[in-house]
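Please read through the structure below; I'll follow up with questions.
Reminder, nothing fancy here: chain letters follow the sequence lines and each chain counts from 1.
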Amino acid sequence: MSVSIVSTEELIVIDGRSKRTRDRIAFQHHGLEDVDEYYLSISSATYATLVRRPCPHRTQRIISRPLLLCISISLCGIVFGWNPQPSLQQRSSPPRLSPSLQLYLNNHLTTTRRKSSPRHYSLQLCESFQSRELFASDNTEQMSSTEPPIMYQLTQLRDVLTECLKTHDDGVNTTQPIDVLKDMLSLYTSWCFTERPTSQLRFKVGAAIDQAFRMVTSEAFSTPYRLHWVNTGMEALQLQLHSGRFNATTIGGRLISLQQPYNEIPKGTWLKALRALTSKDIISSQFPSSTRSIMALSPRDDLQWITPSNAAFRILQRLVKSKGIRTFQRKNRTQQQQQQQQQSLDERDFNMVLHAYAAHPHTRHMHAAHRVMALQERTVHAPPLSPVAYSIILRAYGQSKDIVNVEMTLLHAQRNGVIPDIVMANTVLDAYVNCGLLDKAQEIFRSMTSNGRLESTDEKGGFWPLLRPNSRTYNTLLKGMAEDGDVHGSMQLSRIMLSEGLWDEITTNTLVKAAVSANEYDLAEDILSNHTISEFSSTLQDHPNVEAYTELLDGYAKDGQLDHSLRVMQLMQKRGVSPNAYTYTCIVGALARSNKIRPARKMINYAANTLSAEGKRVELTPVYNAFISGLLTDNYSTGSTRQSSSHAAIIVEVLEVVQEMQSMNIHPNFVTVALVVDGLGRCSPPRCNEARELVLHLERNASLGVSLSNKKIATALIQAYGRANDVDSAMESFTRIASADVVAFNALLDVCCRCDQVKLALDLFKKHASYDLSDKQKSSVKAKKGQHSILPDVVTYTTLISALLQLKTRAAVKRATSLYSEMKNKLQISPDTILIDTILTAMSSGGPIGYTDDDIKFTLTVLKDGASLEWEKGQYEKRKKAVRGILVGCSSEIWKNDEYAFGLVSDIPDDPLFRKKGWNKMDSGFRLWGGGDDDGDIQLQAEKRSGDSSSVDSFLASKGWNDIDSGFRLI
DNA sequence: GTAGGGTTAG
């Protein structure tokens, strides 16, 4: 901290980051005691900032040089003869101040004055003085003499506003600034009524009020972004835009809107709002969706709450349509020039909104993303869609493994004449790799490099210009090979990278991953010996290769080679690679799973006491989570000492760990709570009430997701209730989930089935898991309808089919059969070995089912479907034998031909569903155009249709590509 | 706007 008197003008320089007490000491040192209210600091030579708290980035205000001068004078103890604060009572026409504001003014200003030192008082005087200065300086100097009285009142309010913006930094009450703004407008309204001011005066006063609005919005839309602040800003925008139409019930009457141009908002403010709304903090905050909403700007609805992305989209629409965007009339410009200047739209503004919709898996809304692209495409004065925009949605589709939409997006880009850049090419490569289509990725790679181009004749090849692959290109391919278990291909590729000079630390990490997942530990160790970055010395961030070491360590641990894991820890130390939270999580989890409790605790302590040079501690919550998870993993197979310890004893220990966390100020998050809830639910009898209490007890950490509405926690609770045969409570838990997913839904169905309420399960399935095409589209547009629709998966069907078959009635088998075919044909979901096994076991377990023609057909279909799945060695043959056994001893003859055929071709499944790898991982999107078609080969369809523009168009229309404001009213 | 690690779910 430095305090020094620079000159008479620039008085004091304080390092704003210093502690409050130390600031005060410094003031006292200079004979400036009792400066509790204000700290001053110089931010540049010409501007100074007036800050009240040791947190300058939030409360910075730019003030002018005269103020500094003024303050410096007053601090030196010179008392003004001028009284800048005329009392409110003396006004000829008293302003209509809200009661709350009156109270505030009376309490605050008078009491501080009373108990303040003269010096302090003069500080306050100066601030008032400064307000006058600022307002006056907006116009010409001679105005100050003819200044209307309202300016004084506005000055008062502005001071209050400054005060509010400074004091509620912690966000206790953000309505106050809005109240002050409303008071200003109300003041303005009555002024207009009583004084009938000239347009020139109205302009001047409008400018003053506008400035107050800007104070609020620039505070609200500044980093770090916080939801309640952003909402305050939005409310201010709404107030300013619609002040005339604002139904001010709290003020008691209508307001007169500000005069042009102050009833509109500068473009810069809109862009600030856009940036805030699309920021990561606001879009993907951990808040449940109910609180993560933004007030709409529309005045017609009483209060409409929309998602931040939708709010951003509306602003984008405004920018496009120039609605509510302030323009300044300049005489020396032609109208056309003005229009151009005003309408100039930056591609980045569109991309910001696009990114907001597409980037984060939890809040992803692709239909809306397409609307953004459509808006850009349809707006004449907007820049054309660029590879950047396409990269954004390609990445999103790639992440959700939605291969069909990846292809469609590429097609659209091609039709739009987009020339891909290297980033877009890498994005597509990654999308293919994510979808498990390594060969497709390699095909693109060949198309974009010179070698393959000559051979490629199809139009797709022509789409890719000659691009120079970079490290990311190779690393992406490498990742694909690593996941494919192709160690040798990876090694080969990495040698090319080395020779091209494109090897980086990611290459090392990915290569190690490839080796570890192929269990080639020696190779992994070799790679690390040769390619660990050695010149790395920064303590501010993790060593770039810590991931590779973590991967190796984790590989050993999961392979049961704990001693080698520990050796890797030592190796890391030797090579100067500091373990991070992930590393500790892996090792602690592994130790706990093997019942090595004391070493695990030692490791946690070690992690807790290892500080980086910056004094940053390893994030310990995940480490503790791994510990708890390991404790709860039953490990009866090994002959360890704790083998006999009961679940109840473990729960005691786990609860102690949670307490320990809290006492150490390590906040349990939703993972912690979900684990413990699950553990409590596994007790006998299940300790459901305790589990629920625990959630409520820890709920105040809303930002950590601990809540009954958290889907992971709720799912664990549902299962606990299921074990306690309490269907009603399980149902209740389910309804609390903010946006239920298929896992939670499956858990609920399972509870119903366990409690012999199969009928209820089927009803729930009908109610929630609606997969009707038209229905799905409707719900994605409106997204509002009370109940969420859930896309069922294999587990959903397994749960229902299993429960039905256990009823062992003819009707139930019939229903199970139709569910199975519905799953396969309509939803294109592939059965897995568990489902196959469930059905085969039930059908061959004897009793009244399994012997009619239909039963046999069903069993054979299921057996055939199982042929293409990966089974443990010999397991599938066992299933075949069992089924054969039934067939031989059964009266139905229907199988004879079928079985013969099946026996011959058993290794080549004839179902087209299984022809393509990875098809069952696809997202719902494909049904939008793959629809009712029973021919399952999507790939073929995509290729077939790529030349057929009409079907492409209808697809695009269905996705909203050509539709600007479906679902959105233009403002 | 593009590449890499851990904790959860039937």
I want to verify a distance call: between B/dG6, B/dA3, B/dT7, whose nearest atom is closest to the A/D554 side chain? B/dG6

Nucleotide nearest A/E547 when distance is taken to its side chain, options B/dG5, B/dG6, B/dG1: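 Side chain of A/E547 sits closest to B/dG5.
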
Rounded to the Å, how far apart are A/R682 CZ and B/dA9 C1'?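 It is 10 Å, rounded to the nearest whole Å.
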
Any A/K558 side-chain N or O less than 4.0 Å from OP1/OP2 of B/dT7: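 It does, given that an N or O in the side chain of A/K558 lies less than 4.0 Å from OP1 or OP2 of B/dT7.
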
A/T510 side chain: which of B/dG6, B/dG4, B/dA9 is closest?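 Per side-chain heavy atoms of A/T510, the pick is B/dG4.
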
Contact check, residues 419-428 of chain A vs DNA chain B, heavy-atom distance under 4.0 Å, returns A/D421, A/V423, A/N426, A/T427

Which part of the nucleic acid, if any, lies within contact of A/K513, taking any heavy atom under 4.0 Å across all strands shown: a base, the sugar-phosphate backbone alone, or nothing? sugar-phosphate

A/N475 side chain: which of B/dA3, B/dT8, B/dG5 is closest?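 Out of B/dA3, B/dT8, B/dG5, the nucleotide with an atom closest to A/N475's side chain is B/dA3.
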
Would you kindly give the CZ-to-P distance between A/F627 and B/dT7, to the nearest whole Å?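 So the two atoms are 16 Å apart, to the nearest Å.
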
Scan A/L675 against the nucleic acid and name what it touches under 4.0 Å (heavy atoms): base, sugar-phosphate only, or nothing.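 Counting heavy atoms under 4.0 Å across all strands, the contact made by A/L675 is with sugar-phosphate only.
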
Of all the choices, B/dA3, B/dG1, B/dA9, which nucleotide is nearest to the side chain of A/V388 once you look at every atom?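 From the listed options, B/dG1 comes nearest.
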
Base, sugar-phosphate, or nothing: which does A/N746 touch, judged by heavy atoms less than 4.0 Å apart?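 Contact class for A/N746: none.
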
Which part of the nucleic acid, if any, lies within contact of A/T799, taking any heavy atom under 4.0 Å across all strands shown: a base, the sugar-phosphate backbone alone, or nothing?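 Here A/T799 touches no strand at all.
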
So A/D504, base contact, sugar-phosphate only, or nothing? Heavy-atom distance under 4.0 Å. base

Could you work out which one of B/dT7, B/dG1, B/dA9 sits closest to the side chain of A/D741?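 Of the candidates, B/dA9 comes closest.
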
In whole angstroms, how far is the P atom of B/dG4 from the CH2 atom of A/W503? 17 Å

Candidates A/T510, A/N470, A/T507, A/N426 - the one meeting side-chain hydrogen bond (donor to acceptor under 3.5 Å, both in side chains) with A/N475: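 It is A/T507; the other options fail the test.
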
Side chain of A/R395, heavy atoms from C-beta onward: which of B/dT2, B/dA9, B/dT7 has the nearest atom to it?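 Nearest to the side-chain atoms of A/R395, counting from C-beta on, is B/dT2.
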
Please work out if A/S629 contacts a base, only the sugar-phosphate, or nothing of the nucleic acid, heavy-atom cut-off 4.0 Å.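 Touches sugar-phosphate only.
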
Just wondering, more than 12 heavy atoms not from A/I419 lying within 6.0 Å of its CD1?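 Counting other residues, nucleotides and ligands, CD1 of A/I419 stays at 12 neighbours or fewer.
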
Whole-Å distance, A/M497 CE to B/dG4 C1', equals 12 Å

Have a look at A/K712 and say if it touches a base, only the backbone sugar-phosphate, or nothing, with a 4.0 Å heavy-atom cut-off. base

side-chain contact (heavy atoms from CB on, under 4.5 Å) between A/T508 and A/T532: does it pass, once the steps are laid out? CA-CA 8 Å; A/T508 311; A/T532 300; 5.8 Å; no

Picking from A/N509, A/T583, A/T585, what satisfies side-chain hydrogen bond (donor to acceptor under 3.5 Å, both in side chains) with A/T550? A/T583

Name the closest nucleotide to the A/P622 side chain, picking from B/dG6, B/dT2, B/dG4. B/dG6

Tell me the interatomic distance from A/F745, atom CZ, to B/dA9, atom P, rounded to whole angstroms. 20 Å

Nearest whole angstrom, please: distance from the C1' of B/dG4 to the CG of A/N434. 12 Å

Give the rounded distance in Å between these two atoms: CG of A/L511 and P of B/dG4.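 Nearest whole value for this atom pair: 15 Å.
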
Donor + acceptor pair across side chains of A/E660, A/Y624 (<3.5 Å):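 Yes - a donor-acceptor pair under 3.5 Å links their side chains.
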
Which of the following nucleotides, B/dA9, B/dG5, B/dT7, is nearest to the side chain of A/D678?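 That would be B/dA9.
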
I need the CZ-P distance between A/R472 and B/dG1, as an integer number of Å.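 Between P of B/dG1 and CZ of A/R472: 12 Å.
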
Verify ring-ring contact (aromatic ring centres under 6.0 Å, His included) between A/F734 and A/H768, making sure each step is shown before the conclusion. CA-CA 12 Å; A/F734 183 75; A/H768 291 283; 5.5 Å; yes

If you take the centroid of each ring, where Trp contributes its six-membered ring, are A/F445 and A/Y474 closer together than 6.0 Å? yes

Quick one: do the A/T427 and A/D430 side chains pair a donor with an acceptor below 3.5 Å?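 Absent: no donor and acceptor within the cut-off.
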
The side chain of A/V546 lies closest to which of these nucleotides: B/dG4, B/dG6, B/dG5?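 Of all the options, the side chain of A/V546 is nearest to B/dG5.
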
Is the count of non-hydrogen atoms from other residues, nucleotides or ligands lying under 6.0 Å from A/R348 atom CZ greater than 12? no

